[in-house]
4 protein chains.
Amino acid sequence: MRCKLKLTRAEQKALRPQQIIDAAFEEFARNGFAATRVEDIAARIGVTKGTVYVYFATKEDLFAAVVMQVSQPFAEMIPYIEAVEGTYQERLKKVIRLFYDKLMVDRRARELIRFMISEAPRFPDLVDRHDDEFMAPIATRIKSLIDQGVAAGEFRDGPASWFAEIICAPALMMTFTRVLFDNRRPLDEAKFVEAHIDIMMNGLAAN
Amino acid sequence: MRCKLKLTRAEQKALRPQQIIDAAFEEFARNGFAATRVEDIAARIGVTKGTVYVYFATKEDLFAAVVMQVSQPFAEMIPYIEAVEGTYQERLKKVIRLFYDKLMVDRRARELIRFMISEAPRFPDLVDRHDDEFMAPIATRIKSLIDQGVAAGEFRDGPASWFAEIICAPALMMTFTRVLFDNRRPLDEAKFVEAHIDIMMNGLAAN
Amino acid sequence: MRCKLKLTRAEQKALRPQQIIDAAFEEFARNGFAATRVEDIAARIGVTKGTVYVYFATKEDLFAAVVMQVSQPFAEMIPYIEAVEGTYQERLKKVIRLFYDKLMVDRRARELIRFMISEAPRFPDLVDRHDDEFMAPIATRIKSLIDQGVAAGEFRDGPASWFAEIICAPALMMTFTRVLFDNRRPLDEAKFVEAHIDIMMNGLAAN
Amino acid sequence: MRCKLKLTRAEQKALRPQQIIDAAFEEFARNGFAATRVEDIAARIGVTKGTVYVYFATKEDLFAAVVMQVSQPFAEMIPYIEAVEGTYQERLKKVIRLFYDKLMVDRRARELIRFMISEAPRFPDLVDRHDDEFMAPIATRIKSLIDQGVAAGEFRDGPASWFAEIICAPALMMTFTRVLFDNRRPLDEAKFVEAHIDIMMNGLAAN
DNA sequence: AATGAATGAGCATTCATTCAT
DNA sequence: TATGAATGAATGCTCATTCAT
């Protein structure tokens, strides 16, 4: 109980990297990599610049750590997709809703997307790694789900089955309206999700 | 003949702003706003830093000029969409293909999207302006096209008609695979486009 | 008559240097030498930078020309002092009043003083020249006037006669209150002048 | 002993602001505000530009600190004037001599006067503050001294009593001969002071 | 572990000056 | 004569990084 008030030095030390990553996420999200100052990251958690360098050798390393950290929501998607049950239609609907859950509920997931797009030329390895570990496996599983739906006679055997990206694209689209306009130009998100599911289900439906 | 080698002062001057904007586009696309050096922009066209400031008061102004300039492909979409002919199905197909033409053929359009996403927090006015002048009018025309298709009995009257963004989202998705991976992870783009059109047409079809 | 509306080119040319000097005076007075931009000087008379350089080789040369120009009020003091008439008391009073006339009525004289003090380390030759041509001759004539007054029995033969600077110092003091505070802290100038004359006359009076 | 060669970090830090102010004083005095380079200030104490900015946010802030610092000689005048003793004639003489002590002995006081005059348009607040804190209080005390002398029958009740500025003006005049000519045109300063006191005492004397 | 003074390379921006027209 | 595009050397200020404490 007292641990909230006074941590031992060892506890402090164990917490620091996470604190720094959290603070860095906020600053990178606000300013982008280049325009973020290490000092501002430090100030957010009440330490000084030097402390950041105790845990991370360079600003780039810290950025990479932030990206790995905020990839977590995507990692969680994989077992979820593997575990969905019901008809294939139901399963696909759940997967689509999962995207919105991750992207709209968890700001970290949204900003990760933005990091990827913004900093792609500076961090190509990071982009590839993120694709290898998260996006590609997710796409594979969705495609496999569609293929099974086709085999089960629920979906028609069209070219759409080859591209999970198409099925999920509208979720990304909504992500950008948030990222671009913050809340300046609101969208009826519930309706948007239903429309998305509606058109994809109709588009995929057999006969 | 010699005009290629030596332009008059007046000719040079008339060309300069465009030269600078072109050079700036390349640098901003490569590095983002914050990490781009005005000196590098100048060097690209063989002038010195000072020359850039003869034409643009600040780096921010120059960025805004670049954005306006590369919005051109989007401006051209509007009259095109208004002029498409054929059944509403045909019209919508043409519009979807138009997105790919603009986004995949013209690198500037792709990078504009990236600028918007990367620099949104620093240039909210630019983002809004781009939306007001280009994206919103395009969306409006697409929605109107769908509505007419519904009225004509070609499309069913579902929720999808409310969101042009959903119809076009996969084109944006493909844009990002290019932007993110450059050409490291190629996609069968022709097939992707056909799949996109296929699923949307089936999703919208009446009956 | 028409000369005000349309000057011949030759007339224009003859006027330009004076126009430039006038404009330069205003800018140097406002900003000091270092912080004045040649472009602003040019803009004041509706020409461009290049034109200034047609007439003056460098900004320093132009500054020197301005200083020479605004020394005129001081040059005019010499014949005036030589021509004053009346008792020596009356003459000295007139000379003191002359200082106020020059320094308080003519803003150019005030600013010249300020130029001298501000830019002395950068333009030592200018300072010396101004002293040789104007200040020293004026001081010499005032001293001579006092000496004559002593010889005539109007003034006592005290040490004060050796320093014209002491007699005139309050006029300089008032100049600075104007220069420093512009009009933020007004002074009763008429009273100040009378007090100045009163104390000097009493201080010099024989017996 | 070794302390002269190697100070601890803490000692260094405590000294830095003063070192920077001292160095800045020299540079500002030599070149004026606009023409002084922060880099030269830093070089004077063997540090780099960046170090100056650790302690002062802008060049303007540093200038203000310098001005506050060199106002010290004027601050010291106030208690001195309040403490002078003797007849009012004696007191006033001491006060006049005090001006020369401050202005001629302490170069900083001279340069402060020059700063005020040179940079008045750029730093009006600084000028006002210096007047409020130092010049106006000094003038008030001198006026009060004269008024008491009048009441005591030592000074006549003339208009001169209204302006302490007149009484002290010659000290300022001498200051300028130093500031303008450095030592190129020396003045017999001892004689000048005596002449100043002589004429003021005679000018003020009752009868 | 944490600090923060110091660095030094960097960068946006300015401006006196030049010169082809 | 006048222009104004172009230059290039500055210069104020920033910030990632280092390191002695």
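Note that this is a predicted model, so its numbers are computed, not measured. All chains are named by letter (A, B, ...) in the order of the sequence lines, taking the proteins before the strands, and each is independently numbered beginning at 1.
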Between CZ of A:Arg37 and C1' of F:dT14 the distance, given in whole Å, is 8 Å
Between CD of B:Glu39 and C1' of E:dG10 the distance, given in whole Å, is 10 Å
Taken to the nearest 0.5 Å, the spacing of C:Phe28 CZ from C:Thr36 OG1 works out to 5.5 Å
Taken to the nearest whole Å, CD/C:Glu60 to P/E:dC15 is 17 Å
E:dA2 -> Watson-Crick or G-U wobble partner, both distances under 3.5 Å, gives F:dT21
Is any side-chain N or O of A:Thr51 closer than 4.0 Å to OP1 or OP2 of E:dA2? no
Looking only at F:dA2, F:dA6, E:dA1, the nucleotide nearest the B:Tyr55 side chain is F:dA6
Whole-Å distance, D:Ile20 CD1 to E:dT7 P, equals 10 Å
inquiry  = Does the Lys NZ or Arg CZ of C:Arg108 fall within the cation-pi geometry relative to C:Phe25 - under 6.0 Å from the ring centre and within 45° of the axis?
reply    = yes
Separation of F:dA16 atom C1' from A:Phe63 atom CZ, nearest Å, is 16 Å
Rounded to whole Å, the CG-P distance (C:Asp40 to E:dT14) equals 12 Å
Practice task
Would you please confirm or rule out a distance under 4.0 Å between OP1 or OP2 of E:dG4 and any side-chain N or O of A:Lys49?
Solution key: no
Note: B:Asp40 and B:Glu27 closest approach over all heavy atoms is CB-OE1, 3.7 Å
The residue among C:Phe33, C:Phe63, C:Phe123 that forms ring-ring contact (aromatic ring centres under 6.0 Å, His included) with C:Phe115 is C:Phe63
*Do the charged groups of A:Arg129 and A:Glu133 touch, with an N to O distance under 4.0 Å?*
yes
Rounded to whole Å, CD1 of A:Ile45 lies from C1' of E:dA2 at a distance of 11 Å
Among the nucleotides F:dT11, E:dA5, E:dT14, whichever has the atom closest to the side chain of B:Tyr53 is E:dT14
DNA chain F nearest-nucleotide lookup for C:Val47 and A:Ala34: closer to the 5′ end is C:Val47
Rounded to whole Å, the CG-P distance (D:Leu62 to F:dT11) equals 16 Å
Out of F:dT1, F:dA5, E:dC15, minimum distance to the side chain of B:Val54 belongs to F:dA5
Checking N1-N3 plus N6-O4 or O6-N4 for Watson-Crick, or N1-O2 and O6-N3 for wobble, each under 3.5 Å, the partner of E:dA12 is F:dT11
Side-chain contact check for B:Val38: nearest option of E:dA12, E:dT3, F:dG12 is E:dA12
Heavy-atom nearest nucleotide on DNA chain E taken for C:Phe33 and for D:Gly50; more 5' hit belongs to D:Gly50
